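Since the structure comes first, as structure tokens, the remarks are kept for the end.
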Amino acid sequence: MENRRFVLVRRPQGRPVEADFALVDAPLQPLSEGQFRIRNRFASLDPAIRGWLDDRPSYLPPVPLGEAVRATTVGEVVESRNPDIPVGATVLGLFAIETHSTGAPGGFTQLVDPALVPSLTHYLSVLGAVGLTAWFGVCDILAPGPGDVLLVSGAAGAVGSLAGQIGRHRGARTIGIAGGPEKCRRLVERYGFAAAIDYRGKDVAALAGEIRAAAPEGVSHLFENVGGIPLDAALTALRDGARIALCGLISEYNAQEPVGARNLWQLIVHRATIRGFLVSEFLPRFSEGAAAMAALVQQGRLVFDEHVEHGLDRAFPAFMRLFDGTNDGKMILAL
Ligand SMILES: NC(=O)c1ccc[n+]([C@@H]2O[C@H](COP(=O)([O-])OP(=O)(O)OC[C@H]3O[C@@H](n4cnc5c(N)ncnc54)[C@H](OP(=O)(O)O)[C@@H]3O)[C@@H](O)[C@H]2O)c1
């Protein structure tokens, strides 16, 4: 049997192009003691993958050239030399965009129960790293409450839409920034943001004016997914003692040079705190976060969207939707 893989053949320069990747068939290798083979059903397409394609210092090594692109996947065990991971089990882990992955225990790898969810995709969205990023980012790093104003950039996306809802449930007034009128309508009507701001076509001054108008009392908590203009604008609208969770900087993932923030002076003015975080730092508490998210879903207090595309040949265009803003929810590839 063959393994069909979405392989990195060239490191992207700026925005990735299709020729940076290739679909390659490779024979399945025999398993070693302790390993198991997963038939991947779904792969999570995350903005973070873009960073893993570059050869530069980061929290994970770069994807080697000639290897399948790293991604979180969920699928069934079809062969096993590990008594703890039997054939038929469902496994979630950091593997690759390929039909078959070889797993070993440790790291993020975990057994999940398909009977607990209407769709396995939920383990890649609301109950997966995306949901946990929103949960720990809002509850642990920001901890907003009544009287606070939580501003979320990338608010219509997978992490942002959940972060806004969690903040609202904690009693904060939530304001979302997203691209285009349709997404802004969704922020208010579907995700319950008190106000929505369209960032497209606006410079820092124009966007800052809209944020200050939506939050005259100042932004007390910022969940930052984007960087660039939205971050610079938000920095000018902070309340004293504001807290910023730096979750992502998607606006510069395809930039050849870092873009940076220009209004850092405002952190001094407002005695504000900025804290970068990785969801992986909360690994020992994943089950606690997943239980909290599952409870909110069960209570009907959390809505979430998934954008599923089908087939390995859709891997590239589906991935690029994240950077064009044409994903309507958590971007997932069905394999
Ligand atoms: N720290 C962590 O552990 C962690 C974990 C997961 C995710 N993240 C970060 O969280 C952020 C959101 O990830 P996600 O998985 O939820 O993706 P997502 O928000 O579902 O999709 C990406 C969205 O980003 C926006 N975007 C893309 N390019 C942009 C640009 N140049 N300027 C402004 N907005 C742009 C688009 O929305 P618009 O149409 O609104 O522009 C797009 O739909 C990313 O920065 C990601 O790296 C961090």
Side-chain angles (χ1 to χ4, degrees), residues 14-16 43-54 58-60 71-72 94 108 121 124-126 128-138 140-142 152-166 176-187 191 193 196-204 207 222-234 244-255 259 274-283 285-286 289 304-309 318-333:
R15 186 182 161 90
S44 177
L45 298 182
D46 296 305
I49 291 173
R50 176 64 191 85
W52 303 338
L53 306 179
D54 290 335
S58 188
Y59 58 97
L60 283 177
T72 303
L94 195 53
F108 289 105
T121 53
L124 301 179
S125 64
V126 67
V130 154
L132 295 169
T133 302
W135 177 261
F136 288 114
V138 173
D140 272 67
I141 290 175
L142 291 178
V152 182
S153 62
V159 172
S161 60
L162 293 170
Q165 292 176 80
I166 295 165
I177 303 178
E182 175 54 32
K183 284 195 181 182
C184 285
R185 190 186 57 75
R186 192 143 41 97
L187 288 188
Y191 304 132
F193 283 83
I197 298 170
D198 182 357
Y199 74 86
R200 287 200 194 264
K202 289 175 190 155
D203 61 12
V204 172
L207 196 53
L222 170 62
F223 194 107
E224 184 57 50
N225 285 317
V226 170
I229 289 175
L231 173 58
D232 268 330
I244 301 170
L246 192 57
C247 176
L249 293 169
I250 193 166
S251 70
E252 54 182 77
Y253 291 173
N254 288 328
V259 176
I274 188 162
R275 157 79 149 88
F277 76 101
L278 284 172
V279 67
S280 53
E281 70 185 90
F282 295 97
L283 184 60
R285 293 174 54 203
F286 270 15
F304 57 97
D305 291 298
E306 295 175 344
H307 187 144
V308 182
E309 294 225 3
F319 176 56
M320 293 311 292
R321 281 184 179 281
L322 294 167
F323 304 100
D324 297 334
T326 53
N327 60 311
D328 294 316
K330 173 72 197 101
M331 196 68 231
I332 291 170
L333 189 69

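Values reported hereafter were calculated over all heavy atoms of this structure, with side chains retained and with hydrogens, waters and symmetry mates removed. For ligands, and for the atoms within them, numbers begin at 1 and follow the listed sequence. If you're wondering where the values come from, they're calculated on a predicted model, not measured in any experiment.
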Quick one: which ligand 1 atoms are inside 4.0 Å of a heavy atom on [X]?
X: Gly157; result: 18 (P), 19 (O), 20 (O)
X: Ala158; result: 16 (O), 18 (P), 19 (O), 20 (O)
X: Val226; result: 32 (N), 33 (C), 34 (N)
X: Val279; result: 2 (C), 3 (O)
X: Ala178; result: 40 (O)

Could a heavy atom of Lys330 be found less than 4.0 Å from some atom of ligand 1?
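Distance cut 4.0 Å: Lys330 fails for ligand 1.
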
Does Asp46 reach ligand 1 with a nitrogen or oxygen that is under 3.5 Å from one of the ligand's nitrogen or oxygen atoms?
no

N/O separation below 3.5 Å, Ser280 to ligand 1
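No, there is no polar N/O contact under 3.5 Å.
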
Considering only the protein, which heavy-atom contact is closest to [atom], and what is its distance?
atom: atom 17 (O) of ligand 1; value: Pro47 CG, 3.6 Å
atom: atom 22 (C) of ligand 1; value: Leu322 O, 3.4 Å
atom: atom 34 (N) of ligand 1; value: Tyr199 OH, 3.2 Å

Return the option from Asn225, Asn327, Ile250 holding the heavy atom at the smallest distance from atom 43 (O) of ligand 1.
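Nearest heavy atom to atom 43 (O) of ligand 1 lies in Asn327.
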
Heavy-atom distance to atom 8 (N) of ligand 1: which of Gly248, Pro230, Gly329, Cys247 wins?
Cys247

Which heavy atom in Cys247 sits nearest to a heavy atom in Val159, and how many Å separate them?
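That closest heavy-atom pairing would be SG-CG1, 4.3 Å.
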
With a 4.0 Å cut-off on N to O distance, would you call Asp140 and Arg275 a salt bridge?
no

Does Lys183 come within less than 4.0 Å of Asp328, counting only side-chain N to carboxylate O?
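Judged by the 4.0 Å cut-off on N to carboxylate O distance, Lys183 and Asp328 do not form a salt bridge.
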
Using heavy atoms and a threshold below 4.0 Å, how should the contact between Leu249 and ligand 1 be classified: side chain, backbone, both, or neither?
backbone

